[in-house]
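Each remark here refers to the structure printed beneath this line.
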Amino acid sequence: MMSLKTILDLVLAAGPAFATYYLAAVGHGIFEKSGVLNLAIDGVFTLGVALAFAVSAVYMNPNLGLLASVIVASAFGVIIAYLTTKFPTSHGAIGLSTMFVGYGLASLIGVPIRSTTPNAAWYPLSDTFWAEIIVVAVVIGLLAQYMLRKTKLGASIRAAGENPYAASALGVDILKIRLIAGAIGYALIGAGAALYVLAYTQSWSEGTGMGHGWVAFAVSLSAGRSPLLTLLSAAVFGGLVNYSYSLQAAANLSPHITNMLPFIAALAAMVIYAVTPLRRRLAPPKGLGKIYFKEERTV
Amino acid sequence: MSEAQTKTSVFTQNPNSSNEVVLEAKNIVKRFPGVVALDHVSFNVRKGEILALLGENGAGKSTLVKILYGVYVPDEGEIAVEGRRVFITSPLEAIKLGISMVSQVPQIIGSLTVAENIILGLSKYGMISKISRVKEFIREESKRTGIEVDPDIEVWKLSYTQKQLVELLRSVILGAKVIMLDEAITFLPIQEKRRFYEFLRRFVGQGGSAILITHKIPEALEAADRITVLRRGKVVGTVDAKKTTLDQVRKMMFGERSSEITYERLPPSKPTEEVVVDVEDLWVLGAHGEYAVKGVTLEVRAGEVYGIAGVAGNGQLELIQSVIGLRKPVKGSVRVKLNSKPIDVSKVGIGKIRSIGVGYIPDEPLKFGVSMENNIEENLAMLPSITNGIIRWGRIKKLAESLIKDFDIKTPSSKTKVKLLSGGNLMKVLVSRELMVSKKLLVAYNPTRALDEVTAIMVRKRIKEKALNEKLAVLMASEDLDEVLQVSDKIAVMNSGKIVRVFNAQEAKREEIEKLMVM
Ligand SMILES: Nc1ncnc2c1ncn2[C@@H]1O[C@H](COP(=O)(O)OP(=O)(O)O)[C@@H](O)[C@H]1O
Ligand SMILES: [Mg+2]
């Protein structure tokens, strides 16, 4: 029998992984709700990881690393939103190109710094800190939920994602709303990325973080982009990733299988939503990824 | 004309109409690839008046009001609001200037609530304002205007009419000085139309103004103060609605072709004994799980046009849909006989029915009848009765070109995406294609709804000719009683899911049918 204390310790220890995925997934959800297909996430996530490490290594201050990642990622969100909305270009092409730019920049920034300062200033490995980031992440998630469902900004974001032409006719400035959604969404993705390296892996080498942006993507999808449901999916995936070694050992699973789990769960969740009454609430935005060209014929 | 005569005039000359101009457009030019949609258009709207904007399909009416609403930016020209030059670069800008628009397809968002839809245009609420703050406001305006809506309901749950009413309420809440209605009333049942017009009258009576786009000239003559006519992107002229006549307006709209307009009954066709559609004791469920069709029995013979008259929402749509195989009946049967032996439609489904040469004009043609992202040729090629397996593009191109010529479809080429065509021309693509593929049977719902008079009458003549010469059976439901009276050999009146009476066309009396429709 495990004692309550042990369980609590286990939960807290998964805090960094949970906060990483939760924040990044909520950010992803906000951005996609505005109608922009977010395929750049893994590249910018990887860049955020490298940047957080590099800045923290140079200034020996994890908070500065976090800040740098948040700001730069947020700027990327703004750029992606601008390009996809202002020009009739494919969201996929812009997203994937940006992803590769992110990967490239990550190596460009991280590698030289690592060769001189392999150890940055990490966040503490303490129960208190873990509890703190869990609480902060949950509060941010609840704020995001409130913003999306109860405020004019949230209604504007959802409107822009459902049908940008109708939204525009209703008085939404599509470009402005998507820029805001991009800035907020990617700030959260940047925060998740920074926590990933500064609180979770606590080491950086080339390629660190790669693929975990996609996990956040899957975490968001499997929760239908709802910040509330993402609490659940992020907890599950955070736990899975955090304890994947123990899990592999305990269940005698190949690491390839445990790595696939988040994506299998995302597929399963999407199918489940599609056949249940949750369908409407959790359906992808109807205008997601569609090219928006202002003078397109609408009626 | 029958229409103008039978409608009792509920509106009198508006005493509030002044000469003060609220909105003016000067020399507006708008070009799209391949067309000049507006060619130096100038017109104005006065305070306290309803200005009708008329013109045949593709004349440029929608383009003009979209420019005034900031959806499109004009290539040349000026816009002035209350004498001051303005630049309307987005709908939000237009809203701030007191201009709002309601179009034929509701431009509101289904997954949002009424309150959420409305707050989007209210600049006085900041981005982080709570949506609930607007609800009280909506309730007050709702009471004041008599347009009842629940601010918390998600829009997808509303009927078409309710959505249009929400759009109207929204215009009022946004503080519109000018409301532009782009065929916003076209699809509404008659009683609702009246409510709309009454609302508009009150609105202009209180100093507002309205631009009304419709292709029902009698409605414009009755409701509007002045009428501006557009033709091929140019202004033909502006006339006083109370001093002009139906004929004069028609001449302005159609020129020479106005002489083709007639509401005379078309010559009867000569049905054979062969029964093509056999519906027996049909019971069909509607969208909300209630019975929409309650025990309908009917027969359509080869060469016969069977018209169903009725107020929208009395089961006509569900009946039509189950005849074509889109809705499964709960009880009863639909049999269609195309060759030797009858086919049970509910067993084989729509794909089969269509592939053996049944034409279908659906209720929401733009949604269900054409593929907007594809061009005219592709919209032909995708039908199983035109293409089987391998597409022969050379042949399709010829077909497309003959339809374009035959139906006078205004398009730069047969390779133009259909979404770039004007609403009426889009409808022509669909109707001409369906008439072409109809071998033995055409099933239609409001076949000419989005068409201007000249085109509508042409389509009705074509349908009738095909019935007469090729023994086509036609089952058609229409909310437009003029249409039913003009083409049908048999007229069934549908009310509350039942066929209440069937007339032979010669014996049908308009007044009697109207009574049965609303009893
Ligand atoms: N967004 C668009 N892109 C290209 N062509 C268009 C567009 N909107 C309208 N047109 C063309 O402009 C002309 C006028 O169309 P429209 O204003 O919709 O006519 P109306 O409303 O009078 O029927 C038509 O020839 C139509 O094909
Ligand atoms: Mg139009």
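Contact annotation for A:Ala167: both backbone and side-chain heavy atoms come within less than 4.5 Å of a heavy atom of chain B. Only the side chain of B:Tyr69 comes within less than 4.5 Å of a heavy atom in chain A; its backbone stays farther off. For B:Ile95, the part lying near chain A is the side chain, with the backbone staying farther off; criterion is any non-hydrogen pair under 4.5 Å. Proximity to chain A is limited to the backbone of B:Leu122, based on heavy atoms less than 4.5 angstrom apart. For B:Ser171, no part lies near chain A; criterion is any non-hydrogen pair under 4.5 Å.
When each of B:Ser90, B:Ser129, B:Gly121 is scored by its heavy-atom pairs under 4.5 Å with chain A, the top score falls to B:Ser129. In terms of non-hydrogen atom pairs under 4.5 Å with chain A, the most contact-rich of B:Leu174, B:Leu92, B:Thr113, B:Ile131 is B:Ile131. Chain A forms more heavy-atom pairs under 4.5 Å with one residue of B:Glu154, B:Arg133, B:Glu116 than with any other, namely B:Glu116.
Taking the six-membered ring where tryptophan is involved, the planes of A:Tyr22 and A:Phe18 are essentially parallel, since the angle between them stays under 30° and well short of 60°. A tilted orientation is assigned to the rings of A:Tyr165 and A:Tyr292, their planes being inclined by 30° to 60°.
The NZ atom of A:Lys152 sits 5.5 Å away from atom CE of B:Met127, with the distance rounded to the nearest 0.5 Å.
Side-chain N or O atoms of B:Lys30 include one that pairs as donor or acceptor with a backbone N or O of B:Val73 at under 3.5 Å.
Summarising the local packing, CG of A:Leu143 is surrounded by more than 12 heavy atoms from other residues, nucleotides or ligands at distances under 6.0 Å.
For the residue pair A:Arg225 and A:Leu221, the shortest heavy atom distance occurs at NH2-CD2, 3.2 Å.
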